[in-house]
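Below is one structure; the comments refer to it alone.
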Amino acid sequence: MQYNYKYRLDPPEALTETLLHHVDTCRQLYNHVLYLLNEADDIPARYEVQGQLPDLKTWWDDLGDVHSKVLQMVVKRVYDNLSTLKAQKENGRAVGMLKWKPPREYRSLTYNQSGFKLKNTSGRPVLWLSKIGEISIHLHRDIPENATIKQVTVKRESTGEWFATFGVDVEEDTPEKPDTPEKVVGIDVGILKYAHDTGGYAIESPDFSDERERLERAQRDLSRKEHGSANWEKQRRVVAERHADLKRKRRDFLHKLSNYYAREYDLVAVEDLDAKGLVELPGNSRNRAGAAWGTFLSLLEYKCEREGTHFVAVNPRGTTKECAACGVSTDKPLWVREHSCRSCGFEADRDANAAWNILSRGLSKLGVGYSESTPVETALPVDTSVSAKRVVETGSPTLKERTAKAVSE
């Protein structure tokens, strides 16, 4: 399987200048390739454009300072972006043309297959990059011994920090998914409660109000600075650090929660959400964006694949209105937090009812060996009130115990 391992770099000032020079050269090459494609009557094949790189070096001296594989990956980056635009256009989205990259929008370079090596020099780990040199790297966790490093991407974040992301291929057999899963769970995500599952747990949404307040205060201070001045640049770094702090804490929560579900269950059923479309809806878009449902589902999917767990995404339409016991649809406004079926009398927490429907649809979609009755019918009497066994607060000892094995990737 393929994984990404990210580590912080600590380049000295001299190598920082070299890295910035290489990144800017790659940016100029990106813009040059984009210009050639815009001027061409027919877009040539990517390998045809890569074949022109040796000729470019004869009059473009800076290209000789950069490793050849890095230059080839710049060309690939242009073509990948074109493919993304084409896919979006085919899906009916209104797309424009690729734009030239200014310095602030191009901050990385990629070594593919060669030109890099992870070393241990005098007891300290360093990353050697061709035509750049050795850079100290903070290996806070080891890369598996059976892993092959395929490529390295070096990026300068907006905070000014440098990071290296290793794309590795781990030679291991993926665990087989059980034909008849025993431990199954349906998960309904939301804002008031981040996740409500059929196991009877409701996970509180993490409270990032203090982080957001610090970020907003830093942004207000930035708005008072003269744009481009030394004080403005200093405060811009502070804003970037606040953003990075909020992002790290959110991803830590999502990694641990997704790891828990992937390792604890044989089948995980979730809603197939259009996270981007939900954020674009009017009203409460900030909370929907902060929930990062799309990131959570993508993390959960690849971790289920890694652990040999069935991951099933189902159509979310009607999961809240439909009764999990009898299937009759009952309309209810958003402020009504309890489900009460007039047909069969089944009562449950609104999100718990949705989670049972998600699980039922997941089992049906997967076609595993379960009875035709819905999971909630087989688990609970019809007249039982269903709610969370326990509301798990983010950061509480209870959550830490449940996610003890779920270390962030």
Side-chain angles (χ1 to χ4, degrees), residues 1-7 9 11 15-91 95-119 127-135 147-157 162-170:
M1 295 186 67
Q2 295 180 347
Y3 300 101
N4 288 334
Y5 287 77
K6 187 175 181 179
Y7 302 96
L9 298 176
L15 287 186
T16 299
E17 294 298 324
T18 304
L19 284 168
L20 291 174
H21 171 68
H22 282 225
V23 170
D24 192 63
T25 302
C26 291
R27 178 188 67 85
Q28 295 178 49
L29 177 61
Y30 179 97
N31 293 338
H32 179 75
V33 172
L34 187 59
Y35 169 78
L36 294 178
L37 297 184
N38 289 337
E39 293 295 315
D41 296 330
D42 296 319
I43 297 180
R46 174 164 67 92
Y47 294 103
E48 182 180 339
V49 177
Q50 289 181 356
Q52 299 176 12
L53 291 176
D55 294 334
L56 283 178
K57 291 181 180 180
T58 59
W59 59 268
W60 193 344
D61 295 336
D62 287 344
L63 293 185
D65 298 334
V66 183
H67 191 262
S68 58
K69 280 290 186 178
V70 175
L71 299 178
Q72 293 175 16
M73 294 303 292
V74 174
V75 178
K76 183 179 182 297
R77 183 170 177 173
V78 177
Y79 277 80
D80 287 346
N81 290 345
L82 287 175
S83 299
T84 302
L85 281 185
K86 182 180 179 181
Q88 290 180 346
K89 186 175 182 180
E90 291 175 350
N91 290 334
V95 299
M97 299 178 62
L98 290 181
K99 298 181 179 179
W100 287 18
K101 295 286 188 182
R104 66 179 180 276
E105 294 182 9
Y106 200 106
R107 305 195 303 269
S108 66
L109 51 84
T110 299
Y111 286 79
N112 180 259
Q113 297 179 339
S114 64
F116 61 89
K117 187 177 295 184
L118 196 57
K119 298 181 177 181
L127 173 63
W128 174 81
L129 300 175
S130 177
K131 299 196 174 184
I132 293 179
E134 295 183 350
I135 307 174
T148 303
I149 303 177
K150 295 294 186 179
Q151 70 177 32
V152 176
T153 298
V154 179
K155 182 178 180 181
R156 183 176 188 258
E157 299 290 351
W162 288 90
F163 288 88
T165 302
F166 294 84
V168 304
D169 190 1
V170 180

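For the atom pair NZ (Lys117) and CD1 (Ile149), the distance works out to 11.5 Å, reported to the nearest 0.5 Å. Rounding to the nearest 0.5 Å gives a distance of 9.0 Å between CG of Leu34 and CG of Asn81. Taken to the nearest 0.5 Å, the OH atom of Tyr7 stands 13.0 Å off from the CZ atom of Phe163. Considering CG of Leu129 and OG1 of Thr18, their distance stands at 11.0 Å, rounded to 0.5 Å. To the nearest 0.5 angstrom, Thr25 atom OG1 is 10.5 Å from Tyr106 atom OH. Atoms CD and CG, on Glu39 and Leu37 in that order, are 10.5 Å from each other to the nearest 0.5 Å.
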Check against side chain to side chain contact (heavy atoms under 4.5 Å, CB included), His67 and Ile132: CA-CA 9 Å; His67 191 262; Ile132 293 179; over 6 Å; no

Run the numbers on Lys57 and Leu71 for side chain to side chain contact (heavy atoms under 4.5 Å, CB included), then give the verdict. CA-CA 11 Å; Lys57 291 181 180 180; Leu71 299 178; 3.6 Å; yes

Determine whether Lys86 and Glu90 satisfy the following criterion, side chain to side chain contact (heavy atoms under 4.5 Å, CB included), listing intermediate values before the conclusion. CA-CA 6 Å; Lys86 182 180 179 181; Glu90 291 175 350; 3.3 Å; yes

Could you go through the side chain to side chain contact (heavy atoms under 4.5 Å, CB included) check for Met73 and Cys26 one step at a time? CA-CA 9 Å; Met73 294 303 292; Cys26 291; over 6 Å; no

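Residues Ala164 and Val152 share a closest heavy-atom pair of CB-CG1, 4.2 Å. The two residues Val95 and Lys89 come nearest to each other via the heavy atoms CG2-CB, 3.8 Å. Taking each heavy atom of Val49 and Pro44 in turn, the nearest pair found is CG2-CG, 3.7 Å. When all heavy atoms of Glu134 and Leu15 are compared, the pair lying nearest together is O-CD1, 3.0 Å.
Between the side chain of Gln151 and the main chain of Gly167, no donor-acceptor pair closer than 3.5 Å is present. Between the Arg107 side chain and the Arg156 main chain, a donor and an acceptor come within less than 3.5 Å of each other. Formation of a donor-acceptor pair under 3.5 Å by the Lys131 side chain with backbone atoms of Ser68 is not found in this model. Panel note: side chain Thr84, backbone Asp80; a donor-acceptor pair is recorded below 3.5 Å. At least one donor-acceptor pair closer than 3.5 Å links the side chain of Tyr111 to the backbone N or O of Ser130.
Salt bridge present: Asp24 and Arg27 bring a charged side-chain N and a carboxylate O closer than 4.0 Å.
Taking 4.5 Å as the limit, some side-chain heavy atom of Arg77 sits within range of a side-chain heavy atom of Ser108. The shortest distance between side-chain heavy atoms of Leu19 and Ile135 falls below 4.5 Å. The shortest distance between side-chain heavy atoms of Leu118 and Phe166 falls below 4.5 Å.
Thr153 pairs in a side chain to side chain donor-acceptor pair (under 3.5 Å) with only one of the listed residues (Thr110, Thr165, Asn4, Asn112), which is Thr110.
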